[in-house]
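Reviewing the structure listed below.
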Number of protein chains: 2
Amino acid sequence: MKPRPLSYQEENYLKAVLKISEGRGKKDAGILELSRALGVKPPTAHQMLKKLKEKKLVLFEKYGKVMLSAGGRKAAMALVRKHRIWETFLHDVLKFSWDEVHELAEYLEHIPSDEIINRLEKLLGNPKFDPHGDPIPDVGGNVRPAFRKTLSMGTPGRNYHLVAVSDSHQSLLQFMSKYNLKINDKIKYVSELGLDGMGVIRVRNKNITVGSTFMHEVKVVCEQCMKKCKCPDEVWCVV
Amino acid sequence: MKPRPLSYQEENYLKAVLKISEGRGKKDAGILELSRALGVKPPTAHQMLKKLKEKKLVLFEKYGKVMLSAGGRKAAMALVRKHRIWETFLHDVLKFSWDEVHELAEYLEHIPSDEIINRLEKLLGNPKFDPHGDPIPDVGGNVRPAFRKTLSMGTPGRNYHLVAVSDSHQSLLQFMSKYNLKINDKIKYVSELGLDGMGVIRVRNKNITVGSTFMHEVKVVCEQCMKKCKCPDEVWCVV
DNA sequence: ATTAAATGTTAGATAAACCTAACATTACAA
DNA sequence: TTGTAATGTTAGGTTTATCTAACATTTAAT
Ligand SMILES: [Mn+2]
Ligand SMILES: [Mn+2]
Ligand SMILES: [Mn+2]
Ligand SMILES: [Mn+2]
């Protein structure tokens, strides 16, 4: 077995930098955020990031923030592509539920083969989105920009399309299964409750009271924007 | 991500002990053989085997040979099952050729999920053999005993069924593709050439001269034994 | 029975990825 | 503007899996 170009952990760190630095309007990542996301202590993340800087995969100055280099971004995107194609395979072909696929894909994404991924993609009919509604990068690492906001950023009274959910929040995913909420459902943001960030939504003529996690993790696009995005508060999310 | 019960390498060592100790009539494995099979130096293998002995996965006395404990054998068999089911998936569903699947399965076999394997098995129609003709252990880790010998152990003049090939010998697998030789082909062992272990076989009314690797790596069952195995020189192979 | 070759063991070193404890810098709020 | 909280850095240690060099035992051939 030939040595991998990047270690298992190097890949995970690059993916974490991508997720944090390009999430909800941000453009760089701090060591502390990274260490939390990766479940390690700050000095561990710091050491790894210094190594990735040596390898020219990240841009990172002393006491500064971290960004991906072109090469680092390409590697991270390749990982996201693998992750989402595996999730789609597990969901569509092996019939795992959407709260089960993320954890398994965390392992499968590190299998060092682009060819498996390309063949799976074809087998699945070239899907553009994974089971959680997140866009699947193409072979070149490009994602079609996905504009969306969290429900908590929405305006009570308006109609939205539920386009994506957090892929790693098990209990949220199970809550949604229970109420039969799915990607692409039309939902109305009825009202804010003003208590613990809760709110009320209306789906298929039934009101559902949802909690703070739902409000912050579920991503929506407002009806007008389905055709032409122009709301200033909808953010491009890669991950 | 929860810690694995066994590390990636511990799994590989157990599989190597299984392959060597239960291959062609043997019942234990030496440190030197193991180190060669694993591509490490003898002290490395020695150290790991001591650790596996602590964990009660192998039986191993000072200056003695290595055998699997019941627990170690179960873990090793689980790995072989995963390996062969992944190989079958890659071959049957993703259409990889039989010389490509082994290397990829070396990675996939370590994905820590029994459920993926069970669902793949069902998807594939509960196959009993992998693309190289090797038997797939069931959920309990049992393999149906497979009696077979190498062509070099055969008798010139007799008819055989080609039942299995080495899964890791790329050039042999490519040679066989070239001559359109497949699992389950009926072949006649025409003659021994007495030079470099070469021989001549006859398949579909055409003679093919084959080399030493072919003679030693291709496994066959003689026609009579297809129904009832009784040749004393046919050996039970798990791996 | 002796000796040489093959095989196995020990000791000590290294690299990767993690840790804790202590220290340094930056950000921001009073 | 200055002090505290948040964030980042350094130093030094641990574990796992690897290595080399030296030594010990077993096996097999003379
Ligand atoms: Mn995911
Ligand atoms: Mn996803
Ligand atoms: Mn194989
Ligand atoms: Mn095989």
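Per chain, numbering begins at 1; letters A, B, ... match sequence-line order.
- For the OP1/OP2 pair of dG8(D) and a distance below 4.0 Å, the side-chain nitrogens and oxygens of Lys65(A) include at least one atom meeting the criterion.
- Ring centroids of Tyr13(B) and Phe60(B) are separated by 6.0 Å or more, keeping the two rings apart.
- Without hydrogens or angle criteria, His216(A) side chain to Ser152(A) main chain gives no donor-acceptor distance under 3.5 Å.
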request  = Please lay out, stage by stage, how Leu173(A) and His132(A) fare under the test side-chain contact (heavy atoms from CB on, under 4.5 Å).
outcome  = CA-CA 9 Å; Leu173(A) 293 168; His132(A) 311 100; 4.3 Å; yes
Scan nucleotides 15-23 of chain C against the protein and return all N/O pairs shorter than 3.5 Å with their distances rounded to 0.1 Å.
from    : atom 1 : to       : atom 2 : distance (Å)
dA17(C) : OP1    : Ser7(A)  : OG     : 2.7
dA17(C) : OP2    : Lys51(A) : NZ     : 2.1
dC18(C) : OP1    : Gln9(A)  : NE2    : 3.0
dC18(C) : OP2    : Tyr13(A) : OH     : 3.1
dC18(C) : N4     : Gln47(A) : OE1    : 2.9
dC19(C) : OP2    : Lys41(A) : N      : 2.9
dC19(C) : OP2    : Thr44(A) : OG1    : 2.6

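- Between Phe175(A) and Phe214(A), the two ring planes are perpendicular [angle over 60°; tilted spans 30° to 60°].
- Note on His46(A): a side-chain N or O is less than 4.0 Å away from OP1 or OP2 of dT9(D).
- Checking the phosphate oxygens (OP1, OP2) of dT10(C), a side-chain nitrogen or oxygen of Lys50(B) falls inside 4.0 Å.
- As a whole-Å value, the separation of Glu61(B) CD from dT25(D) C1' is 15 Å.
- Proximity of Lys62(B) to the phosphate of dA24(D): no side-chain N or O atom is located under 4.0 Å from OP1 or OP2.
- Between the P atom of dT25(C) and the CZ atom of Phe60(A) lies a distance of 15 Å, rounded to the nearest Å.
- The side chain to side chain donor-acceptor pair (under 3.5 Å) pairs that include a residue from residues 107-121 of chain A are Glu11(A)-His110(A), Asn12(A)-His110(A), Lys15(A)-Glu109(A), Arg81(A)-Asn118(A), Arg81(A)-Glu121(A), His83(A)-Glu109(A), Glu115(A)-Arg119(A), where partners are two or more places apart or lie in different chains.
- Closest contact between the side chain of Leu32(B) and the listed nucleotides dT9(C), dA24(C), dG8(C) involves dG8(C).
- One distance of note links CD1 of Ile20(A) with CG of Leu68(A); it measures 10.5 Å at 0.5 Å rounding.
- The interatomic distance linking Ile31(B) (CD1) with dC19(D) (P) rounds to 14 Å, in whole Å.
- The CZ atom of Arg36(B) sits 12 Å away from the C1' atom of dG8(C) (whole-angstrom rounding).
- Interatomic distance, CH2 of Trp98(B) versus CD of Gln170(B), reported as 12.5 Å (0.5 Å rounding).
- Spacing between atom CG of Leu49(B) and atom P of dT16(D) amounts to 16 Å, rounded to whole angstrom units.
- Rounded to whole angstrom, the span from the CG atom of Leu34(B) across to the P atom of dT7(C) amounts to 13 Å.
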